[in-house]
Amino acid sequence: MSSAEPTEAEPTEAEPTDAEPTAAQPTAAGPAARTGPTVREPGRAPRPAAPVPAPLPGLAESARLLADAATTSTALVADALTRIEATQPTLNAFRHLRAEAALADAAEADRRLAAGERLPLLGVPVAVKDDTDVAGLPTHFGCDGDRPPAASDSEAVRRLRAAGAVVVGKTNSCELGQWPFTEGTAFGATRNPWNTAHTPGGSSGGSAAAVAAGLVPAALGSDGAGSVRIPAAWTHLVGIKPQRGRISVHPHSDSFQGLTVNGPLARTVADAALLLDAVAGAHPEDFHRPPAVRAADAARRDPGRLRIALAWRPPLTLTGAGPDPEVRRAVTALADTLARLGHHVEEARPRYGLIGLAFVPRATAGIAEFAARHPEPALLDPRTRSALRTGTRLGGRVVRAARAREVRQHRRIGALFDASGFDVLLTPTTAAPPPRIGRFDDLSAWRTDVAMAAACPYAWPWNVLGWPGVNVPAGFTRSGLPVGAQLLGPSRSEERLIALAAQLEDDRRWFERRPSV
């Protein structure tokens with residue numbers, strides 16, 4: 001592998017269309033406050049809207065500013081709410097805001113800070129995905145129809161609040177988290193801050209768009225087939241899919257037949273690690289209880305010299321998918337960086353086998369379980385109803401057999417680490433750059449699955465295995481669209497992956513580039 005200095009393609013103007021707006025192109029530094037859109041009132045001359053605050057600082061920086069009394073939680077939360085409301089017509093990142101409650105929480109955080117109390121995230125605004133229960137808000141999970149407010153917080157949100165964070169709202173997800181785009185009849189389309197003609201990915205697309213646009217310092221998403229890593233790749237973020245059980249999914253005991261985990265999205269490795277530490281831990285009813293990690297400490301640690309396997313060939317999907325040339329160029333440059341940093345990088349082929357035969361029953365059975373709880377099934381997308389039927393047929397004995405194969409899959413794919421001696425597997429996070437909004441409209445369930453598998457064939461095997469992975473920004477296409485690479489490891493290897501990601505970040509400094517919204 002060449003150790004030549006990589007270069008990141010300068011984003012250039014992506015092709016706009018008359019029908020679809022595009023965001024301004026990225027700048028190296030975050031923009032200052034700018035005037036919002038013109039507001040028109042009937043019978044009056046147009047007047048400018050109030051200035052939109054600058055992007056919020058990162059998670060660790062926000063916590064530091066609050067602890068040093070350099071700002072207040074009330075100011076940060078108010079700025080977050082203003083940016084969210086100003087960008088809803090263009091980005092549409094949020095499904096629900098808890099504006100009054102968040103400002104009340106912020107005022108209480110300011111009182112606690114003034115009294116000398118210190119917690120990791122005391123007073124810092126964050127967002128969570130709309131598959132996560134927040135007391136007082138409905139959990140629509142991308143679906144249409146009415147839902148009652150959740151009676152209590154999920155375990156992850158309980159831990160966020162215990163760390164002092166202020167939850168400002170819930171971000172958009174596609175219906176039941178099935179697709180790598182965040183669009184639906186219930187809420188419209190969530191758009192990519194780097195170019196609003198394109199998707200931010202999914203299913204944690206709202207969380208990714210919110211963080212990339214500086215609406216919040218960081219956000220929680222969930223990952224059942226790449227749903228944290230894919231939108232992180234397509235919005236130039238760090239996204240961590242932790243070990244199964246690292247972050248509780250309670251009130252669900254084993255979400256999507258063990259495929260789905262919660263994970264952080266942030267602009268830096270340190271911020272993602274800080275959020276991971278804040279929410280990690282089991283609920284008493286959880287099935288999976290891996291031993292604790294110290295992610296923030298790992299982000300400050302030298303990873304040592306590692307053996308890294310670079311794999312271009314995805315698992316069998318019957319689509320013939322391979323990486324787009326621009327994705328391959330970006331990931332090759334990142335691999336060259338790893339080699340220059342002293343790691344041994346070598347092309348290899350993981351023995352995925354027919355892992356898709358285990359994934360499909362588990363994924364569709366999980367969709368069926370969630371869809372069956374919907375009070376108005378006729379409101380569900382036809383593709384969801386198709387998955388419900390498939391999942392119902394493949395439930396029971398078939399899904400139990402699929403789950404029983406996991407031990408053998410651990411041995412076969414784990415041979416890359418155990419027998420071949422690699423420490424980390426590097427692959428593209430996606431095979432393609434972010435698609436345009438509407439790319440998947442009006443497709444049948446089968447055609448959606450084929451198009452989805454062709455664009456995103458790399459992420460989902462690690463959900464079957466339950467092992468950790470980290471998306472890191474890999475660069476941009478020539479038209480200015482972000483792409484990513486994933487660092488994958490064996491069981492309970494988050495600390496190694498986080499340390500390696502932090503080393504890459506120190507060299508490539510991807511956090512210096514952000515979209516102008």
Side-chain angles (χ1 to χ4, degrees), residues 1-12 26 28-29 229 232-234 236-240 266-273 295 297-314 322-350 416-417 420-431 433 458 468-478 480-490 493-514:
M1 178 63 61
S2 167
S3 59
E5 178 81 12
T7 58
E8 205 173 52
E10 279 293 324
T12 57
R229 290 162 289 157
W234 284 347
H236 198 62
L237 297 178
V238 176
I240 300 177
R267 293 183 58 241
T268 68
V269 176
D271 283 356
D297 288 349
R300 296 187 288 268
R301 186 184 308 150
D302 189 309
R305 187 174 186 271
L306 302 175
R307 294 192 71 231
I308 299 172
L310 171 59
W312 296 111
R313 185 175 180 178
D324 179 275
E326 294 208 77
V327 172
R328 190 175 184 110
R329 173 187 55 78
V331 176
T332 297
L334 190 139
D336 289 345
T337 301
L338 289 167
R340 179 171 51 77
L341 292 170
H343 303 289
H344 174 80
V345 182
E346 178 184 337
E347 291 195 13
R349 282 190 178 184
L416 182 80
F417 307 106
S420 299
F422 289 104
D423 300 299
V424 173
L425 172 63
L426 169 68
T427 80
T429 302
T430 68
Y458 290 102
V470 178
N471 175 80
V472 293
F476 294 85
T477 68
R478 290 181 175 83
L481 295 171
V483 295
Q486 54 179 353
L487 307 173
L488 303 170
S493 59
E494 287 102 322
E495 291 188 358
R496 177 188 300 155
L497 301 177
I498 288 167
L500 181 60
Q503 184 187 51
L504 270 171
E505 179 178 87
D506 286 344
D507 185 271
R508 293 172 69 90
R509 301 186 68 79
W510 50 63
F511 53 85
E512 293 180 347
R513 184 170 290 174
R514 65 191 311 164

Could you check whether any side-chain N or O of [X] sits under 3.5 Å from a backbone N or O of [Y], counting only pairs where one atom can act as donor and the other as acceptor?
X      : Y      : result
Glu347 : Ala309 : no
Ser493 : Pro490 : yes
Arg301 : Ala499 : no
Glu495 : Ala298 : no
His343 : Leu306 : yes

Any side-chain heavy-atom pair of [X] and [Y] under 4.5 Å:
X      : Y      : answer
Pro350 : Leu425 : yes
Pro428 : Tyr458 : yes
Leu504 : Val269 : no

Subject >> Residues that Arg300 engages under salt bridge (charged side-chain N to carboxylate O under 4.0 Å, His left out), provided they are two or more places apart >> reply: Asp297
Subject >> Listed partners of Arg509 passing salt bridge (charged side-chain N to carboxylate O under 4.0 Å, His left out), at least two apart >> reply: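 Partners of Arg509 by the salt bridge (charged side-chain N to carboxylate O under 4.0 Å, His left out) criterion, ordered by chain and then number, come out as Glu512.
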**OP:** Go through Val470 and Arg229 one step at a time and tell me if the side chain to side chain contact (heavy atoms under 4.5 Å, CB included) criterion holds.
**Re:** CA-CA 7 Å; Val470 178; Arg229 290 162 289 157; over 6 Å; no
Original post:
Would His236 and Arg267 count as a side chain to side chain contact (heavy atoms under 4.5 Å, CB included) if you check the C-alpha gap in whole Å, the side-chain angles of each, and the deciding distance to 0.1 Å?
Top reply: CA-CA 8 Å; His236 198 62; Arg267 293 183 58 241; over 6 Å; no
Original post:
Would Leu334 and Leu426 satisfy side chain to side chain contact (heavy atoms under 4.5 Å, CB included), going step by step from the backbone distance to the final call?
Top reply: CA-CA 10 Å; Leu334 190 139; Leu426 169 68; 4.0 Å; yes
Original post:
So, Asn471 versus Thr429: side-chain donor-acceptor pair below 3.5 Å or not?
Top reply: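 Looking only at side-chain atoms, Thr429 and Asn471 do form a donor-acceptor pair, the distance falling under 3.5 Å.
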**OP:** Could you verify whether a donor N or O on one side chain and an acceptor N or O on the other, from Thr427 and Trp312, lie under 3.5 Å apart?
**Re:**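 On atom types as modelled, these side chains do not qualify, holding no pair under 3.5 Å.
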Distance in Å, [X] [atom1] paired with [Y] [atom2], rounded so as to fall on 0.5 Å steps:
X      : Y      : atom1 : atom2 : answer
Leu338 : Leu487 : CG    : CG    : 7.0 Å
Leu481 : Glu326 : CG    : CD    : 8.5 Å
Gln486 : Ile240 : CD    : CD1   : 13.5 Å

So which atom in [X] and which in [Y] form the shortest heavy-atom distance, rounded to 0.1 Å?
X      : Y      : value
Leu497 : Gly489 : CD1-N, 3.7 Å
Phe476 : Arg329 : O-NH2, 2.9 Å
Ala272 : Val238 : CB-CG1, 4.0 Å
Gln503 : Pro303 : OE1-CG, 3.5 Å
Thr268 : Phe511 : CG2-CB, 3.8 Å
Leu237 : Ala266 : CB-O, 3.5 Å

Original post:
Is atom CZ of Arg307 surrounded by more than 12 heavy atoms (other residues, nucleotides or ligands) closer than 6.0 Å?
Top reply: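 Yes, enclosed.
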Subject >> Glu346 vs Phe422, side chain to side chain contact (heavy atoms under 4.5 Å, CB included): CA-CA, chis, key distance, verdict >> reply: CA-CA 9 Å; Glu346 178 184 337; Phe422 289 104; 4.0 Å; yes
**OP:** Taking side-chain contact (heavy atoms from CB on, under 4.5 Å) as the test, write out the residues that go with Ala330, two or more places apart.
**Re:** Ala474, Val483
